[in-house]
Amino acid sequence: MAGTNTPVRVRFAPSPTGRMHLGSGRTALYDYLIARKAGGQFILRIEDTDQKRYVQGAEQELIDGLHWLGITWDEGPDVGGPYGPYRQSERKEIHLKYARQLVETGHAYYCFCAPERLERVRQMQQKSKEPVRYDGLCRRLDPAEAAERVAAGERHVVRFKMPHEGQTTVTDLLRGSITVENAVLDDTVLVKSDGLATYHLAAMADDFDMKITHVIRGAEWLPSLPLHAQIIRAFGWPEPVWVHLSVFLKPSGKGKMSKRESADLLKDGYSIFVKDLQDLGYLPEGVVNWTALMGWSLDDHTEFFAMEDLVKVFSLDRLNPSPAAINFAKLDHFNGLHIRSLSVADLAARLKPFFEKAGYQASDEMMLKIAPLIQERMSTLDEGPDLAGFLFREDVSPVAEELVAKGLTAAESAVAARRSLAVLEGVAECTAEVMEPPMRALVEELGWSAGQVFGILRVAMTGLRVSPPLFESMEVIGRGKCLQRLRAAIAALEELE
Ligand code: GLU
């Protein structure tokens with residue numbers, strides 16, 4: 001176990017094999033928080049040794065996703081550092097050197113079995129209901145002879161020589177000690193026939209070389225933990241603190257999310273992919289707050305956290321190993337809280353691209369007026385154009401029936417609308433300050449409720465029954481357009497009479 005007085009060095013080690021999802025975001029976040037809190041280092045290492053699964057663009061999406069979340073690293077392929085290279089494919093020779101070392105010390109061996117033979121062994125084992133694993137044929141070869149075959153260029157892999165006797169005990173920080181019988185473990189491939197190390201060797205070697213103190217990774221790696229401990233022990237290296245994070249379950253709590261379910265989710269305005277969440281109008285602050293709490297808590301009541309709070313209070317001993325169901329309602333909740341805690345200028349700037357995407361020509365000045373009107377009403381930024389699009393449109397074309405206030409006839413509603421028009425015509429500017437007092441006086445005079453009278457005006461101005469604050473909205477719409485809209489509403493009401 002790494003000594004307690006060693007500086008904390010953690011790494012996020014994604015494989016660029018697909019889109020960046022919440023699980024990666026959470027692992028990176030926890031790594032980052034632990035490093036920042038301890039004043040240690042956070043390293044980004046790209047694990048790209050699996051050429052078959054390599055996806056073009058995946059690395060860029062990861063880097064962009066981390067930047068968007070506000071996660072920065074001290075060492076990595078883009079920023080360099082004292083323990084590089086940080087891209088695993090560039091560490092091929094280093095991995096091979098370690099593989100040879102294991103062969104020389106009798107902890108690994110060369111295997112020449114062809115894939116067809118391995119397939120036959122697998123089928124036989126399945127038929128006789130034995131555990132499927134390498135049958136050890138090449139383990140019994142004379143090492144000198146095997147070395148000669150390798151030197152002669154024969155196609156081969158390197159396998160770990162798992163002890164047959166005894167047990168392996170490893171400690172996971174969240175789960176305590178885990179013991180398995182070595183007899184159930186396989187002679188796993190450490191170097192493939194293409195000469196590239198597998199994750200098992202590459203990650204252990206790089207963690208050692210990069211002086212990693214804590215390995216924080218997904219629980220899907222737990223079954224490989226005894227193998228990893230064995231590899232590290234075979235080298236005689238210090239063992240890191242192992243932290244396997246809880247798995248994410250789909251919102252129903254049953255199982256992991258499939259591709260198809262992910263696509264369905266997107267239709268509802270949600271996604272498990274970080275880039276999608278950005279496009280759907282989530283703030284990085286909201287996503288960080290939400291994911292931080294998927295598997296960690298400070299106590300049983302504190303739930304609002306900004307990144308700088310998390311850096312102060314986050315700790316590994318408050319992690320929870322139980323699977324966490326993804327709860328998007330909570331994401332909306334946290335996102336709403338973070339939207340409300342932004343300054344108006346910040347919110348305006350973040351909203352602008354969403355208005356532009358919706359086809360509204362939003363000047364900075366206009367956005368500064370709009371942001372405070374809708375700040376309290378949004379849980380995602382992309383709701384902005386729906387809530388405030390009426391401020392931009394030439395014509396809001398309300399449905400005539402909706403202009404009729406509840407409890408009033410069309411004729412009475414038209415009276416209220418005409419009297420409101422008179423108020424509007426009588427004021428020089430249509431600010432909330434100027435408009436509201438005479439409108440309240442009108443409500444008194446008419447003897448109807450404010451809900452009824454203002455409701456008519458609201459539908460006339462916005463085309464909506466529920467809208468941002470009415471008079472403040474009218475101020476943004478401007479007196480000229482307000483007059484037009486109210487006259488159009490009166491005409492529509494008169495048609496109904
Ligand atoms: N490349 C591995 C993955 O993406 C990393 C696991 C680890 O952090 O060691 O799953």
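Order of listing sets the numbers, starting from 1, for every ligand and every atom in it.
- The parts of Ser15 lying near ligand 1 are both backbone and side chain, judged by heavy-atom distances below 4.0 Å.
- Proximity of Trp221 to ligand 1, defined as any heavy-atom pair under 4.0 Å, is confined to the side chain (atoms from C-beta onward).
- Closest approach of Phe314 and Leu319 over heavy atoms only: CZ-CD2, 4.0 Å.
- No side-chain heavy atom of Trp221 sits less than 4.5 Å from a side-chain heavy atom of Val215.
- Ranking protein heavy atoms by distance to atom 9 (O) of ligand 1, first place goes to Tyr199 OH, 2.4 Å.
- Contact annotation: the side chain of Ile272 approaches that of Phe328 to within less than 4.5 Å [non-hydrogen atoms, C-beta and beyond].
- Look at Ala203 and you'll find every heavy atom at least 4.0 Å from all atoms of ligand 1.
- For atom 5 (C) of ligand 1, the nearest non-hydrogen atom of the protein is Ala13 O, 3.0 Å.
- Considering Trp296, Phe334, Trp290 as possible partners of Phe305, the one that fulfils the ring pair (Phe, Tyr, Trp, His ring centres under 6.0 Å) test is Trp296.
- Minimum heavy-atom separation, Arg350 to Phe354: O-CD1, 3.5 Å.
- Side-chain contact between Tyr32 and Met307 is present, with heavy atoms from C-beta onward closer than 4.5 Å.
- Atoms of ligand 1 lying under 4.0 Å from at least one heavy atom of Arg217, given by number and element, are 7 (C), 8 (O), 9 (O).
- Atom 8 (O) of ligand 1 has Arg11 NH1, 2.8 Å as its closest protein atom, hydrogens excluded (heavy atom only).
- For ligand 1, the atoms sitting less than 4.0 Å from at least one non-hydrogen atom of Glu47 are 1 (N), 2 (C), 5 (C), numbered in the order shown with element in parentheses.
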